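Everything numeric here is computed off the predicted structure, so don't read it as measured data. Below, chain A is the first sequence line, B the second, and so on; all start at residue 1.
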2 protein chains.
Amino acid sequence: MTSDPRLEPRRTLTLRDVSEASGVSEMTVSRVLRNRGDVSEATRERVLSAAKALGYVPNKIAGGLASQRVNLVAVIIPSLSNMVFPEVLTGISQVLDDTGLQPVVGVTNYSPEREEQVLYEMLSWRPSGVIVAGLEHSEASCAMLRNAGIPIVEIMDVDGEAIDSVVGISHRRAGREMARTILTAGYRKIGFLGTQMPHDHRARKRFEGFTAALAEEGLDLLATEFYSGGSALLKGREMTQAILARRPDLDFLYYSNDMIGAGGLLHCLDAGIDVPNTLGLAGFNGVELLDGLPRRLATMDACRLEIGRAAAEILSGKSQDGRTSGVRIELSPRLDPGQTIRTAR
Amino acid sequence: MTSDPRLEPRRTLTLRDVSEASGVSEMTVSRVLRNRGDVSEATRERVLSAAKALGYVPNKIAGGLASQRVNLVAVIIPSLSNMVFPEVLTGISQVLDDTGLQPVVGVTNYSPEREEQVLYEMLSWRPSGVIVAGLEHSEASCAMLRNAGIPIVEIMDVDGEAIDSVVGISHRRAGREMARTILTAGYRKIGFLGTQMPHDHRARKRFEGFTAALAEEGLDLLATEFYSGGSALLKGREMTQAILARRPDLDFLYYSNDMIGAGGLLHCLDAGIDVPNTLGLAGFNGVELLDGLPRRLATMDACRLEIGRAAAEILSGKSQDGRTSGVRIELSPRLDPGQTIRTAR
DNA sequence: CTTGCTGCCGTTAGCGGTAACATAGCCTGT
DNA sequence: ACAGGCTATGTTACCGCTAACGGCAGCAAG
């Protein structure tokens with residue numbers, strides 16, 4: 001295969017170049033390159049070697065236009081710096097990898113306006129499906145999703161009305177469940193530490209579920225502390241110190257995520273607080289990081305990988321009876337009491 | 001603007017639909033939607049409102065084919081679970097956001113074969129530029145990059161030969177610099193803990209630079225420990241315990257990244273080891289996480305955000321004299337001694 | 001009145017592929 | 001020997017949009 005380094009690699013190559021180099025029609029080249037239709041083994045090889053020798057790369061823009069099909073799946077998530085979403089992406093990739101579908105990621109930074117822009121941009125590439133985090137979208141975004149005429153999967157959260165399919169957990173229920181576990185363990189003076197929540201609907205719903213469950217027992221949160229931005233671990237430390245300074249009588253702290261929870265744990269250990277007897281702690285997410293901490297923080301697994309996988313399976317027709325629309329999957333997060341909730345009372 | 005909910009939103013909308021709805025030619029609609037060419041204010045508004053009322057989303061597939069221009073930038077990175085690359089992406093997005101260019105991310109999992117596939121896939125969308133992590137690529141990948149006829153920016157690393165532009169730091173130099181600092185502080189019995197390195201060329205180069213600098217002082221590493229997979233924090237703990245069990249006489253541990261370094265730090269604190277006097281520690285990356293640790297780990301900032309920004313600036317013609325090719329930018333990582341290297345001897 | 005702009009908008013001809021159909025050999029059964 | 005059915009390949013007509021150019025008012029200058 002004495003490859004011939006042409007002297008003018010100028011104009012980018014097209015099917016025609018390959019077709020001329022291999023002496024068959026463009027259509028046949030196209031068939032070979034897509035493994036579609038019948039092509040004799042002889043021509044197939046001739047075409048393939050010509051394509052490789054030339055360094056031909058197909059033009060999916062043209063292909064997509066002609067075939068009206070594009071192997072892209074738009075994935076729209078609020079953030080990449082959360083560790084939650086990269087893991088969802090991993091799940092999506094795992095499943096999509098052997099379907100010919102390809103994820104394209106857009107990040108919204110928790111902004112509905114940005115989500116709208118990203119969505120518009122993505123839809124303009126006519127993907128064959130959309131995976132989008134959350135159930136809350138601007139009116140325009142909802143309209144676009146509805147009119148797109150492609151399968152939509154909303155992920156992470158099931159507390160609300162879905163446009164099409166939905167895969168996630170009930171964050172409200174997760175909050176309640178944690179509250180019950182805490183109450184059962186005998187804690188009563190409970191504080192909450194979390195993200196600024198107007199944008200993070202899931203954190204908000206956990207908060208709501210949590211307080212609702214407390215209310216059922218006639219309890220209120222005794223203190224709350226909110227943050228935004230910065231190193232979550234450090235914030236966790238600072239906020240924990242702050243909240244305990246205000247209310248030294250607290251006997252439990254519920255964090256809206258594991259990262260600040262871990263910071264809190266480190267603070268408590270530093271400060272010589274007896275965890276979990278004097279003070280119990282719990283976070284949310286089940287991040288891998290926790291495994292390395294001096295004590296295992298109580299948490300709840302958000303089923304991130306599973307959510308990603310299930311969403312991808314829906315879009316690739318691998319779910320249930322092969323439906324790609326109107327599927328609803330509610331996963332059940334597993335509560336891991338770790339070593340920061342005392343066992344019973 | 002009494003929007004009319006048509007009874008058949010079947011076929012997806014095209015320019016023609018908007019053109020009919022607004023009584024002008026498709027070309028004029030196209031001009032309005034792209035803000036190109038002269039259109040009277042009156043028609044512009046008519047077209048825009050028609051487009052919005054119909055919920056028209058342009059088809060970039062067709063547009064890209066016709067104009068031979070696509071506003072995509074391929075970004076190819078080894079991993080998303082590293083926190084390093086999300087930060088690079090953030091830098092890229094910051095700059096690209098107001099250029100009309102859009103990043104499309106592909107993940108290789110440190111596999112050259114996968115990189116080849118991802119690259120092929122991406123190039124088939126005819127992006128207007130490529131940002132790819134690292135200088136080491138398969139032969140086929142290099143050929144594709146060279147023949148693509150678009151600006152290429154290799155990032156993270158400058159120790160090697162670039163295909164086109166390059167933005168990064170010298171990991172070899174980073175390793176040397178850390179070694180010198182450690183030696184200056186008087187440590188002599190040094191161990192290394194890191195990732196399995198055949199795939200991570202940058203970690204390997206730091207290792208090489210580090211050992212080379214030791215060798216110049218006639219010193220060898222007394223012990224090494226490698227890992228792959230799993231929770232880095234936990235691995236850091238375990239490996240630290242293991243290496244110290246084998247060689248209790250070590251007086252310094254150099255980690256190939258901050259995450260396992262942090263795990264090591266936690267182990268040492270648990271074990272009551274006097275850091276930094278009995279044992280010094282250092283990592284690499286400058287991850288935000290470290291801020292919340294009980295003691296600030298010595299580290300070196302890898303300039304991740306800056307690298308992302310600079311790469312994006314090159315592709316968008318914002319760099320230097322507007323060149324989009326052949327630019328070389330070497331950034332200087334800042335060494336932060338933190339609290340885990342004793343000050344002088 | 002003619003000439004030459006300028007501002008606005010339409011027409012034509014693809015971009016590089018692919019769906020769908022047409023076609024040319026060749027084999028098989030009777 | 002020939003209809004009928006394969007297999008392997010070619011032809012035609014777009015896909016939805018935009019570059020490039022053309023045309024036509026309206027107006028200023030000559």
A.B. asks: More 5' along DNA chain C: A/Thr14 or B/Thr43, using each one's nearest nucleotide?
C.D. replies: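 The residue closer to the strand's 5' end, by nearest nucleotide, is B/Thr43.
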
A.B. asks: Would you mind classifying the nucleic acid contact of B/Asn59 as base, sugar-phosphate or nothing, using non-hydrogen atoms under 4.0 angstrom?
C.D. replies: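 Here B/Asn59 touches the backbone only, sparing every base.
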
A.B. asks: To the nearest angstrom, how far is B/Leu65 atom CG from D/dA19 atom P?
C.D. replies: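 B/Leu65 atom CG is separated from D/dA19 atom P by 12 Å.
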
A.B. asks: Answer with yes or no whether A/Arg34 presents, from its side chain, a donor or acceptor under 3.5 Å of a partner atom in the base of C/dG17.
C.D. replies: no

A.B. asks: From CD of A/Glu45 over to C1' of D/dA8, roughly how many Å is that when rounded to an integer?
C.D. replies: 16 Å

A.B. asks: Going by atom types alone, do B/Asn71 and A/Glu121 pair a side-chain donor with an acceptor below 3.5 Å?
C.D. replies: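 Yes, because at least one side-chain N or O of B/Asn71 sits under 3.5 Å from a partner of the opposite role on A/Glu121.
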
A.B. asks: Can you check the A/Leu13 CG to C/dC15 P distance for me, whole Å?
C.D. replies: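 Atom-to-atom, A/Leu13 to C/dC15, this comes out as 15 Å.
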
A.B. asks: Check the distance between D/dC17's P and B/Glu20's CD and give it to me in whole angstrom.
C.D. replies: 13 Å

A.B. asks: Roughly how many Å is it from NZ in A/Lys60 to C1' in C/dT18, rounded to a whole number?
C.D. replies: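 From A/Lys60 NZ to C/dT18 C1': 14 Å.
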
A.B. asks: Rounded to whole Å, please give me the gap between CH2 in A/Trp125 and P in D/dG16.
C.D. replies: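 Result: 16 Å.
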
A.B. asks: Using atom CG of A/Leu15 as one end and atom C1' of C/dC15 as the other, report the distance to the nearest whole Å.
C.D. replies: 13 Å

A.B. asks: Does any donor atom in the side chain of B/Thr90 or B/Ser93 lie under 3.5 Å from an acceptor atom in the other side chain?
C.D. replies: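 Side-chain D/A pair, B/Thr90 to B/Ser93: absent.
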
A.B. asks: Can you find a side-chain donor-acceptor pair between B/Glu116 and B/His137 that sits under 3.5 Å?
C.D. replies: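 Distance-only check fails for B/Glu116 and B/His137.
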
A.B. asks: At under 4.0 Å, does any side-chain N or O of A/Tyr56 touch on OP1 or OP2 of C/dG16?
C.D. replies: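 For A/Tyr56, the contact criterion (side-chain N or O under 4.0 Å from OP1 or OP2 of C/dG16) is not met.
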
A.B. asks: Report the nucleotide, chosen from D/dC17, C/dA19, D/dA8, that has the shortest atom-to-atom distance to any side-chain atom of A/Arg69.
C.D. replies: C/dA19

A.B. asks: Mapping A/Ser40 and B/Ser67 onto DNA chain D by nearest heavy atom, which one lands closer to the 5' end?
C.D. replies: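 With A/Ser40 and B/Ser67 compared, the 5'-side residue is A/Ser40.
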
A.B. asks: Among C/dG16, C/dC9, C/dT11, which nucleotide has an atom closest to any side-chain atom of B/Met27?
C.D. replies: C/dT11

A.B. asks: If you check the B/Arg31 side chain, which of C/dG10, D/dG16, C/dC8 turns out closest?
C.D. replies: C/dG10

A.B. asks: Closest nucleotide of DNA chain C for B/Ala62 versus for B/Ser25: which of these residues is on the 5' side?
C.D. replies: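 Mapping each residue to its closest nucleotide by heavy atoms, the 5'-most match is B/Ser25.
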
A.B. asks: Choose from D/dA8, D/dC17, D/dG10 the nucleotide whose nearest atom is closest to any side-chain atom of A/Thr28.
C.D. replies: D/dG10

A.B. asks: Distance check needed: C/dT18 C1' versus A/Gln68 CD, whole Å only.
C.D. replies: 10 Å

A.B. asks: Would you say A/Thr108 and A/Ser111 are linked by a side-chain donor-acceptor pair, where the criterion is simply a distance under 3.5 Å?
C.D. replies: no

A.B. asks: Any chance CD of A/Glu41 has more than 12 other-residue heavy atoms, nucleotides or ligands included, within less than 6.0 Å?
C.D. replies: yes

